[in-house]
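Shown next, in C-alpha cells, is the structure this report addresses.
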Protein chains: 2
Amino acid sequence: MTRILIVEDLADIRKWLTGIAQKAFDAPHEIETAATLRAALGAARKNSYDVALIDLNLPDGSGIDVLKCLRQSRPETLCVITTVMGDDAWIVAALSAGANGYLLKEQPSEVIVRQLSQLADGIPALSPSIARRIMEHFQYTGPVGEPDANLTGREKEVLALISRGMRNVDVAEQLSMAESTVAHHIKSIYRKLGISSRAEASWHAARLGLAPGQPGG
Amino acid sequence: MTRILIVEDLADIRKWLTGIAQKAFDAPHEIETAATLRAALGAARKNSYDVALIDLNLPDGSGIDVLKCLRQSRPETLCVITTVMGDDAWIVAALSAGANGYLLKEQPSEVIVRQLSQLADGIPALSPSIARRIMEHFQYTGPVGEPDANLTGREKEVLALISRGMRNVDVAEQLSMAESTVAHHIKSIYRKLGISSRAEASWHAARLGLAPGQPGG
DNA sequence: CCTCCCATCCCCTGTTCGGGGGAGATTGCG
DNA sequence: CGCAATCTCCCCCGAACAGGGGATGGGAGG
C-alpha cells in the first residue's frame with residue numbers, strides 16, 4: 001500500500017496530479033490531498049506517507065514548510081516538489097530542505113509519470129531543465145584543476161574548517177595545533193589557490209568538494 | 001549520424017561500453033575509442049563528437065582533462081563520465097568542468113543504456129547514487145527559511161558580492177556607496193542570518209541561490 | 001650527506017573586519 | 001500626520017586577519 005499526499009491549491013491541477021499519481025504508482029495506493037499549507041501540515045503531522053507531491057506556491061505559505069515538516073516527522077517519505085517556479089533560489093531552497101525531486105508542471109503528463117515511477121529505484125525525479133540548472137550550479141568558467149589542487153592533506157583539513165566560518169583559534173583547537181600553524185597553512189592555501197580572503201577560500205572549498213554540511217563553528 | 005568517443009583504458013570495459021553505446025544510440029553511429037589521455041586529447045582536437053563516454057582513471061592522467069578539452073573545442077558535445085570513482089571531489093570536479101552526466105560502471109548495462117538514450121532529451125545521465133550525492137550537496141540540517149530570508153534588495157546585492165570574496169571597499173565601489181554603508185548592510189545581513197563571518201555568509205549566499213559564477217574581486 | 005617538502009611553532013606589521021553607538025533622507029501605510 | 005522600514009552616511013574601538021620574516025624537526029630521495 002502506497003500512501004500518497006498531494007499538496008496543491010488549484011483544484012484542476014490537483015485532479016491532474018492525482019491522475020498522474022495513480023498511473024505512476026500502480027500498486028494499491030491511497031491518495032490524500034491538501035489545498036492549503038495549514039491542511040498539508042495537519043495531514044503531515046497526523047498521518048505518514050510514502051510519497052508527497054508538493055506545490056510551492058500555496059495561498060497561505062510556501063510548500064517548503066510542508067517539505068520540512070514531512071522530513072522531520074518521517075524522513076523516508078519521498079518528497080517531490082511540483083511547481084511552475086524554476087528560480088534558482090527556490091530550487092536551492094527545496095534541495096536544502098531535502099527534496100527528493102523537483103518537477104515542473106509544464107511538462108507532459110507521461111514524463112512526470114515516468115519520473116515518479118523511477119522514484120522507488122532511488123532515481124531523483126528531476127525535470128530536465130531543473131537537473132541541468134542544478135548541475136550548472138557547480139559549473140566554473142575558470143581553470144579547473146584536479147580535485148586536490150595540489151593542497152596537502154593538512155591544508156585541505158584547514159581549508160574545510162575555515163570555509164565553514166571557523167576562526168583560526170577554533171581551527172587550531174579542532175586540529176590540535178597552534179594558531180600560528182593554522183595561519184601558516186592558510187597562507188599556503190591562499191598562495192596555491194591564488195586568493196587572499198576566507199570568503200574566496202569558502203568558495204573554492206565548495207568547488208573542491210570539501211563541502212560543509214553546515215556552517216558555524 | 002552520431003559520432004561517439006569512448007575513453008577507457010581497460011580493453012574489456014571498453015568493449016562493454018561500446019556495446020552499450022550501440023544499444024543506446026540506435027541511429028547510424030560511428031564509435032571511436034581511446035585508451036589513454038594522450039590518445040583521447042588527440043582525438044578530441046582532430047575530430048568532433050556528439051557524445052563522449054569518459055573514464056576518469058586513465059594511466060597517464062585524468063579524464064577531466066579530456067572533458068575540458070572537448071568542452072573547449074566543441075561545447076555541444078555531450079560528455080558523460082563513466083567511472084567507478086564516486087568521491088565527492090571527483091563528482092564536483094567533473095560537474096565543474098561541465099560534464100553532462102556521471103555514470104558508475106557498477107550499474108547494470110540496461111540502466112546505463114536507458115540513461116544514455118535519454119541524453120538527447122536533455123536529461124542528464126546520472127547514476128542514482130550520484131544524483132543523490134549531488135542533491136545532498138545542497139542539504140542543510142539547520143533552519144531553512146524562505147529563499148529571500150527577509151533580506152532587503154540592497155542586502156542581497158551586498159551579500160552576493162562579499163560572498164565572492166570582495167572586500168568592503170570593493171563592494172562599496174561596485175555598488176556606488178560608502179564603505180561605511182556596506183559595513184552597515186553587512187551587519188544587518190549577519191543579524192538576519194544569525195552569522196558572524198564572511199565565510200558563513202558565502203555559504204548562505206550559495207544556499208540562497210545567489211551563486212557566484214566565479215570568485216575574485 | 002645534503003636537499004626538498006611538509007608540518008610545526010614563533011615573531012612582527014598594517015589592514016580589515018565585527019559590533020556598538022547616532023543621524024538624516026526617502027518611501028509607503030494606516 | 002505619525003510611524004515603520006529602508007537606505008544612506010558618520011563616529012568609535014578591539015579583535016581578527018593577511019602577509020612578511022625566520023626557526024625547528026622529520027621523511028623522501030638524489
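Owing to the predicted nature of the structure, the values given are computational and were not obtained by experimental measurement.
Put simply, B:Tyr190 has a side-chain N or O that comes within less than 4.0 Å of OP1 or OP2 on C:dG18. In this model, the phosphate group of D:dT6 is not approached by any side-chain N or O of B:Arg154 to a distance below 4.0 Å at OP1 or OP2. The side chain of B:Asn168 places an N or O atom within less than 4.0 Å of a non-bridging phosphate oxygen (OP1 or OP2) of C:dC17.
Annotation for B:Ala43 and B:Glu32: closest pair CB-OE2, 4.2 Å, computed over non-hydrogen atoms. Between B:Ala52 and B:Leu70, the shortest heavy-atom contact is CB-CD1, 3.6 Å. When all heavy atoms of B:Ala93 and B:Ile64 are compared, the closest pair comes out as C-CD1, 3.9 Å.
Atom C1' of nucleotide D:dC17 and atom CE of A:Met166 are separated by 16 Å, given to the nearest angstrom. As rounded to whole Å, 14 Å separates atom P of C:dT16 from atom CD of A:Glu200. Distance, B:Arg191 CZ to D:dA5 P: 11 Å, rounded to whole Å. Protein atom CG of B:Leu161 is 17 Å distant from nucleotide atom P of C:dT16, rounded to whole Å. Across the protein-nucleic acid pair, B:Asp170 atom CG and C:dT16 atom C1' stand 11 Å apart, rounded to whole Å. Distance CD1 (B:Ile195) to C1' (C:dC17): 13 Å, rounded to an integer number of Å. Distance, A:Lys187 NZ to C:dC10 P: 13 Å, rounded to whole Å. As a whole-Å value, the separation of A:Lys192 NZ from C:dC5 P is 10 Å.
Within the structure, salt bridge (charged side-chain N to carboxylate O under 4.0 Å, His left out) contacts touching residues 69-82 of chain A (residues at least two apart or in different chains) are A:Asp50-A:Arg74, A:Arg74-A:Glu76.
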Inset, instruction - Would you check, one step at a time, whether the test salt bridge (Lys or Arg N to Asp or Glu O under 4.0 Å) holds for B:Glu8 with B:Lys105? - result: CA-CA 11 Å; B:Glu8 166 65 57; B:Lys105 285 188 262 193; 2.6 Å; yes
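Ion pairing of A:Asp65 with A:Lys68 is present here, as a side-chain N (NZ or NE/NH1/NH2) and a carboxylate O approach within less than 4.0 Å.
Mapping B:Glu155 and A:Arg198 onto DNA chain D by nearest heavy atom places B:Glu155 at the nucleotide closer to the 5' end.
Counting non-hydrogen atoms of other residues, nucleotides and ligands closer than 6.0 Å to CD of A:Gln107 gives a total above 12.
One end of the helix from C:dC1-D:dG30 to C:dG30-D:dC1 points its axis 40° away from the other end's axis, with each axis taken from 5 pairs and the angle rounded to 10°.
For the residue pair A:Ser48 / A:Arg3, a side-chain donor-acceptor distance below 3.5 Å is found, with atom types taken as modelled.
Contact check of residues 174-186 of chain B against DNA chain D (heavy atom, cut-off under 4.0 Å) returns B:Met177, B:Ala178, B:Ser180, B:Thr181, B:His184, B:His185.
Within the nucleic acid shown, A:Ser197 comes within 4.0 Å of sugar-phosphate atoms alone, with no base atom in reach, counting heavy atoms only.
Looking at A:Thr36, its side chain does come within 3.5 Å of a backbone N or O of A:Ala39 through a donor-acceptor pair.
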